[in-house]
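This report concerns only the one structure given below.
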Amino acid sequence: MHAAALLPLWATLWRMYHNHDALSALLHCFYFTPQRRKAPSPCRAVAAPTSSTAGPGPAPAPAAALPGPEAAERRRRCRRCRRGAVGTDPAGCGAAMAAMPRVLNVNVGVLGHIDSGKTALARALSTTGSTAAFDRAPQSRARGITLDLGFSCFRTALPPQLGPGPGELQFTLVDCPGHASLIRTIIGGAQIIDLMMLVIDVTKGMQTQSAECLVIGQIACQKMVVVLNKIDLLPEGKRQSAIEKMTKKMQKTLENTKFCGCPIVAVAAKPGGPEAPESENPLGVSELIEVLKSQAYLPSRDPSGNFLMAVDHCFSIKGQGTVMTGTILSGSVSLGDNVEIPALKVTKKVKSMQMFHTPVTYAMQGDRVGICVTQFDPKLLERGLICTPESLHTIHAAIISLKKIQYFRGALQTKAKFHITVGHETVMGRVMFFSPAPADFNEEIQENDFDFEKDYLYQEEYLSKDSKSSEENKENDQSGEVQLPRQQWALLEFEKPVTCPKLCLVIGSKLDTDIHANTCRLAFHGVLLQGMEDKNYIETFLPKLKVYKLKHKEGQVERVMDDYSVIGRSLFKKETNIQIFVGLKVKLSTGEDGVIDSGFGQSGKFKIRIPDGLKPETKTLLTAASKKKSKAGKGDANKEDESSKNDSAQPVTITLLFKRYVFDTQKKMIQS
Ligand SMILES: Nc1nc2c(ncn2[C@@H]2O[C@H](COP(=O)(O)OP(=O)(O)OP(=O)(O)O)[C@@H](O)[C@H]2O)c(=O)[nH]1
Ligand SMILES: [Mg+2]
């Protein structure tokens, strides 16, 4: 056909390209299933999420139903992706995107004990690696271990569970270090993954850091695949039976975890070890890829909220600017947006972006993206967070909701210091644990809120089945059962301020424990509910926190004064200012209610008023005791003192109960 004859057709297609509805109509004819073909124009009614990043969460509202600015924003985004950025559909134009070859991205963490072969496995699986992947950094090479997160990827065809249509699935592998001292980096890595591979050296089985990685996975990750590596080291004749034995062992280990029943795959990522030639083919890798495909899911992604990205690499490109690569943890980012580097208090405009080596104008939660800015020295930021300006807060203290990690052997005691990972930073911090008031032990868990109106009970230690106060509680409980609250909290006070998003993950650990001790260093995990930005939070913020200690004092009735008053002792010290206790209610062991009336004498004794009067039997009891005492004391002045010191000699005890709020500057005593 003559080229000139093609011109009208080309002009039509060009017009269609600039007319969203017409283009989708054309694409529908080629690609869509009958059900989808019925979908209305994508700009007016948004189809179910279909992009690389949209998840199975609630379907977005039709743009028409949205308030003015939001609908306008949708249309604006639609125009952008129509320009052809593959896999960048920001939930605005689902139908058009569904027709394009999609690239779905799933982030897979590679975690495990040191030397289990994580990097070898990442290398065996990947087709592309970032500059720092596969231990290419000089420091890593010199030490022969992974020192930082390494990123690499490979692509496969879309597995059936990820929907119909043309497309590819990209697995981004996040190779974590295994060395115990690098656990902070491992925690950071685990927070950006959707799926975890726990690499186990098949000749060794679970090791200390495999267990720690499993704990981190339980906290931060939804799905897991166990990879038994180095099967080439098993004697060929016994290989299969050894693999089966280890598989059973692992199944048992995982029985009580959320990964119970997860797939277990045997491989040799680098048969023959370091000296073997590169040409030696890994074993079991294609089976592993099939298992990974079967486990892949569309993680729930949300473009709303503030933009936050974990930057793992920063470099300059001559003539372009500085590129920061990383994973978007929340929200979304568009060309021209301002982003802040909070650690440096610097704000820059996004000049260009790339995803999967393709220029894009928009990216959202879960995407791996390179963001280019100008006039920024890459040496200033090797790793860290970037975000919507002023969306992160720098805090000196925080209230978190927390749970003890069951494998942590020590007690969690108030005033103890822990290494606290808040989001992506780790600092030392002191903790104070508190629980609901006993009447509220069974209250529903408040996931993302903290109620400052309520009263909370101070705890010397986190309450668990084996904690000291639980033991006491068990003794006092008639059924002998430990009563534990459904939710507990802690106040964290940091040694230096940390910058973090709201509601971020918090992990408390004892990283100073000997790394050769076979013990879990991770102590608790939780969610940050309230950060305190004011440096003077002790004066300005803490008084709002109504955590109380329950004070319990006991003394004895010394003698009866009259039908409506008794003298008490042994409740206060000689030097106590009894005046501040005047008016507080007490209870006698014989059942009468009393009120502290005044001090009595100089030795800490006091007078109690009994508004309803003493019972006759109490009077008899006390009079008999006084007679006995005075008989015993006759002729020996010291003996009265002796007997008054002997508590069991006194038949009637006095109990004083009151609350004192820990952060009340006036130290008021409160009784209900
Ligand atoms: N024989 C054999 N050796 C392997 C295999 N996979 C890894 N290795 C060797 O095990 C050693 C450790 O491998 P790496 O991949 O660096 O282990 P790693 O888990 O990444 O180590 P860290 O990141 O430092 O914790 C290297 O000498 C590898 O060559 C395997 O399948 N078979
Ligand atoms: Mg490694």
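All ligand and atom numbering here is 1-based and tracks the order in the structure. Quantities reported herein were computed from a predicted structural model and do not represent experimental measurements.
Among the atoms of T119, an N, O or S atom falls under 2.8 Å of the Mg ion (ligand 2).
For E236, the CD atom counts as loosely surrounded, since its 6.0 Å shell holds 12 or fewer non-hydrogen atoms of other residues, nucleotides or ligands.
Ring pair F171/F154 is parallel by interplanar angle, where below 30° counts as parallel and above 60° as perpendicular.
Of the heavy atoms in V199, none comes closer than 4.0 Å to ligand 1. With a 4.0 Å heavy-atom cut-off, ligand 1 is reached by the backbone of T146 and by its side chain too.
Checked against F524 for a ring pair (Phe, Tyr, Trp, His ring centres under 6.0 Å), the options F408, Y407, F418 give a single hit: F418.
Residues V427 and E495 have side chains not in contact (no heavy-atom distance under 4.5 Å, counting atoms from C-beta outward).
Considering backbone and side-chain N/O atoms, A269 comes within less than 3.5 Å of an N/O atom of ligand 1. Close N/O approach between L233 and ligand 1 is not found [any backbone or side-chain N/O within under 3.5 Å]. Residue contacts with ligand 1: C176 is placed with no nitrogen or oxygen under 3.5 Å of a nitrogen or oxygen of the ligand (distance criterion only).
Using a cut-off of 4.0 Å between Lys/Arg side-chain N and Asp/Glu carboxylate O, D115 and K230 are scored as not salt-bridged.
If you number the atoms of ligand 1 from 1 as listed, the ones under 4.0 Å from a heavy atom of I145 come out as 24 (O). Close approach of ligand 1 to A268 is summarised as follows: ligand atoms under 4.0 Å from at least one heavy atom of the residue are 31 (O). Every atom of ligand 1 with a heavy atom of I114 under 4.0 Å away is listed here by number and element: 24 (O), 25 (O). Near G273, meaning under 4.0 Å from one of its heavy atoms, ligand 1 places the atoms 1 (N), 2 (C), 3 (N), 29 (O). In the vicinity of G272, heavy-atom distances shorter than 4.0 Å reach the ligand 1 atoms 1 (N). Shown in contact with D232 at under 4.0 Å from a heavy atom are these atoms of ligand 1, numbered in order with element: 1 (N), 2 (C), 30 (C), 31 (O), 32 (N).
The distance from atom CD1 of I395 to atom SG of C500, rounded to the nearest 0.5 Å, is 3.5 Å. Between the CG atom in D302 and the OG atom in S332 there is a gap of 9.0 Å [rounded to 0.5 Å]. Distance check: D194 CG to Q222 CD gives 9.0 Å after rounding to the nearest 0.5 Å. Atom SG of residue C520 and atom CZ of residue R409 lie 9.0 Å apart, to the nearest 0.5 angstrom.
If you check each of P177, P274, G117 against atom 14 (P) of ligand 1, the one with the closest non-hydrogen atom is G117. Nearest-heavy-atom check against atom 20 (O) of ligand 1 across N229, T119, L121 picks out T119. The nearest non-hydrogen atom to atom 10 (O) of ligand 1, considering only K270, E275, K230, comes from K230. Looking at H179, H113, K118, it is K118 that brings a heavy atom closest to atom 25 (O) of ligand 1. Closest heavy-atom approach to atom 15 (O) of ligand 1 among the candidates A120, G150, G144: A120.
When all heavy atoms of K403 and Y462 are compared, the pair lying nearest together is CA-OH, 3.5 Å.
Heavy atoms of S116 come nearer than 4.0 angstrom to ligand 1 in at least one pair.
In terms of protein heavy-atom proximity, atom 21 (O) of ligand 1 is nearest to D115 N, 3.2 Å.
Under the 3.5 Å distance criterion, with hydrogens and angles disregarded, a donor-acceptor pair is assigned to the side chains of T172 and N105. In summary, the side chains of T394 and T499 do present a donor paired with an acceptor at a separation below 3.5 Å, with no hydrogens or angles considered.
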